[in-house]
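All figures in this text were calculated on a predicted structure; none of them were measured in a lab.
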Amino acid sequence: MRRRILTLAVATAAAGALVVPWAEPAPASTPAAAVAPARSVPAPPARSVPAARVVTHFDLAKGQLPENITLGPDGTAYLTFAAARQVAAVDRAGRTRVLATLPAPADGGVAAPVLGFALTTGIVRTADGTLYFLYASGDAASTGLYRMPPGQQPRRIAALPAAGLPNGLALDPTSRTFYVTDSVLGTISTIPLAGGAARVWSSVSALAATGFLGVNGVKVRGGAVWVTNLDQGTLLRIPLRQGRAGSVETRATGLVGLDDFTFAPDGRVVATLNGPNTVVGIDGDGRTRTLLTGADGLQNPTSVAVRGHTLLVASAAYTTATDPNLIAVPLHHR
């Protein structure tokens, strides 16, 4: 498989630049009979499209690289800052407040698989304001799922394998179960909302890495667990069969650099393509349409969220190394 090797430059406040390999592999080939390939839709006639606006710029030198996002009912965006090992809140006016910083492991994070630095990743907010998030440190004593009630310090409620990279996090409120993707081990695990032992829910080959990172973003919707695979460039749907994993359905392919995603009010999937520096919409037939590009201010988009008809996009500037930011844009015009 042919792939490009990009350079991830993460500036840290304490120790200059940390250089980490960031691979952007071409998607693995899949039998044509098994999936419907993603197809580009011709551009519509020229029209006036509301411009994206930068809600706020983050501090690259402090490792404020937004990896994942969840929203509060008042419009606050809660983010994980990967290289800073932090959880932060950004209000509608763009003011940023750091809520917690996870301790660095004794080795500084160099044992973290593939990336070589400790990072906070997936994040979920529940109705009572509690934040749940993942920490991938390469250290068995700290890698796992954390809970942080309002005004309190985070506490680990489930351990996860230090040899893996827990990345995406989603909550099924019906079963009160978290679904956690591991991009290195190629698994989806479940953890009870109250915490406890993590159990591997699926480890099929469609989740595997093929050179860099595999299964990534995750959402629970319509009786199924939806995930992306960065290396394979696929959007997958796995039905929930009385809590067990059904057969994998491939909903879109050919999405190089596919990171995280969300669902728009009209049912479309809106997804980030990290290396290609774009955000795309994916319809029910797997057809894709470009919604945003670097010209709109994207800097390696990592995650997206929808507030009403506004799309919020977090960009970590992993390879552009220029301007990590949070962008807002009206979605219904795109």
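- With contacts defined as side-chain heavy-atom distances shorter than 4.5 Å, the pair Arg147/Leu145 does not qualify.
- Distance alone, capped at 3.5 Å, places no donor-acceptor pair between the Trp201 side chain and the Ile191 backbone.
- You'll find the side chain of Leu273 stays beyond 4.5 Å of the side chain of Asp259, heavy atoms only.
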Margin query: Set out, in order, the CA-CA distance, both residues' side-chain angles and the distance that settles side-chain contact (heavy atoms from CB on, under 4.5 Å) for His57 and Gln299, then state yes or no.
Written below: CA-CA 11 Å; His57 302 273; Gln299 296 274 326; over 6 Å; no
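- Tyr146 and Phe133 have parallel rings, their planes meeting at less than 30° on a 0 to 90° scale where 60° marks the start of perpendicular.
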Notebook entry, point to check: side chain to side chain donor-acceptor pair (under 3.5 Å) between Asp260 and Asn68: does it pass, once the steps are laid out?
Noted result: CA-CA 8 Å; Asp260 200 20; Asn68 206 251; 2.9 Å; yes
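- Rounding to the nearest 0.5 Å places CZ of Arg221 at 13.5 Å from CG of Asp172.
- If you take CG on Leu258 and OG1 on Thr272, they are separated by 7.0 Å, rounding to the nearest 0.5 Å.
- Closest approach of Pro66 to Asn325, counting heavy atoms only: CG-O, 4.0 Å.
- Heavy-atom minimum distance, Gln86 versus Thr120: O-OG1, 3.1 Å.
- Between Pro73 and Arg125 there is a side-chain heavy-atom pair separated by less than 4.5 Å.
- Although no hydrogens or angles enter the test, the distance criterion places a donor-acceptor pair under 3.5 Å between the side chain of Thr302 and the main chain of Ala314.
- Following chains of ILVMFWY side-chain contacts shorter than 4.5 Å, one can reach Val329 starting from Val279, so the two form part of one hydrophobic cluster.
- Considering every non-hydrogen atom in both Leu169 and Val124, the closest pair reads O-CG2, 3.5 Å.
- Scanning all heavy atoms of the two residues, the minimum distance from Thr320 to Asn300 falls at N-OD1, 3.0 Å.
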Checklist line | Residue pair Leu165, Leu115: steps toward the side-chain contact (heavy atoms from CB on, under 4.5 Å) verdict | finding: CA-CA 9 Å; Leu165 180 66; Leu115 299 180; 4.1 Å; yes
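- Linking ILVMFWY residues whenever their side-chain heavy atoms come closer than 4.5 Å, directly or via other members, places Val248 and Leu207 in the same cluster.
- Taking all atoms of both residues into account, the shortest heavy-atom contact from Leu134 to Val180 is CD1-CG1, 3.8 Å.
- A donor-acceptor contact shorter than 3.5 Å is absent between the side chain of Ser202 and the backbone of Ile188.
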Next item on the list: Check step by step if side chain to side chain donor-acceptor pair (under 3.5 Å) holds for Thr250 and Thr234.
Entry: CA-CA 7 Å; Thr250 302; Thr234 49; over 6 Å; no
Next item on the list: Take Leu235 and Ile282 through the side-chain contact (heavy atoms from CB on, under 4.5 Å) test and state the conclusion after the steps.
Entry: CA-CA 9 Å; Leu235 173 68; Ile282 308 171; 4.2 Å; yes
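- With contacts defined as side-chain heavy-atom distances shorter than 4.5 Å, the pair Thr253/Leu255 does not qualify.
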Notebook entry, point to check: Stepwise, does the side chain to side chain donor-acceptor pair (under 3.5 Å) test hold for Thr187 with Ser203?
Noted result: CA-CA 5 Å; Thr187 60; Ser203 58; over 6 Å; no
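- Once rounded to the nearest 0.5 Å, the distance linking OG1 of Thr76 with CG of Asp74 reads 3.5 Å.
- Using a 4.5 Å heavy-atom cutoff, the side chains of Thr177 and Pro192 are not in contact.
- If you take CG on Asp128 and OG1 on Thr130, they are separated by 3.5 Å, rounding to the nearest 0.5 Å.
- Under the 4.5 Å side-chain heavy-atom criterion for ILVMFWY residues, a single connected hydrophobic cluster contains both Tyr179 and Val204.
- No side-chain heavy atom of Phe81 sits under 4.5 Å from any side-chain heavy atom of Leu65.
- You'll find the side chain of Val280 stays beyond 4.5 Å of the side chain of Arg289, heavy atoms only.
- Connection of Leu326 to Val54 is not established within any shared hydrophobic cluster, with ILVMFWY side chains joined at heavy-atom distances below 4.5 Å, either directly or through further cluster members.
- Of all non-hydrogen atoms in Asn229 and Ala206, the two that sit nearest each other are ND2-O, 2.9 Å.
- Residues Tyr135 and Thr80 fail the side-chain proximity criterion, which asks for heavy atoms closer than 4.5 Å.
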Checklist line | Derivation and outcome, side-chain contact (heavy atoms from CB on, under 4.5 Å), residues Val225 and Val218 | finding: CA-CA 7 Å; Val225 176; Val218 59; 3.7 Å; yes
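- Checking side-chain atoms of Thr181 against main-chain N and O of Ser183 turns up no donor-acceptor pair under 3.5 Å.
- Side chain of Asp139 to main chain of Pro105: no donor-acceptor pair is present (N/O by atom type, distance under 3.5 Å, no hydrogens or angles).
- For the pair Lys219 and Phe263, the cation does not sit on the ring face, since its NZ or CZ is not both under 6.0 Å from the ring centre and inside 45° of the axis.
- Summarising the geometry, atom CG belonging to Leu213 is positioned 12.0 Å from atom CD belonging to Gln232; distances are rounded to the nearest 0.5 Å.
- Of the inter-residue distances, the one linking Ser315 atom OG with Phe58 atom CZ reads 9.5 Å to the nearest 0.5 angstrom.
- Counting only distance, with no hydrogens or angles, the side chain of Asp182 and the backbone of Val184 share a donor-acceptor pair below 3.5 Å.
- Asp285 contributes no side-chain N or O that, together with a main-chain N or O of Arg287, makes up a donor-acceptor pair within less than 3.5 Å.
- Judged purely by atom type and a 3.5 angstrom limit, Thr262 has no side-chain atom pairing as donor or acceptor with the backbone of Val270.
- In the hydrophobic clustering of this structure, Leu331 groups with Leu298; members are Ile, Leu, Val, Met, Phe, Trp, Tyr whose side-chain heavy atoms approach within less than 4.5 Å, directly or through other members.
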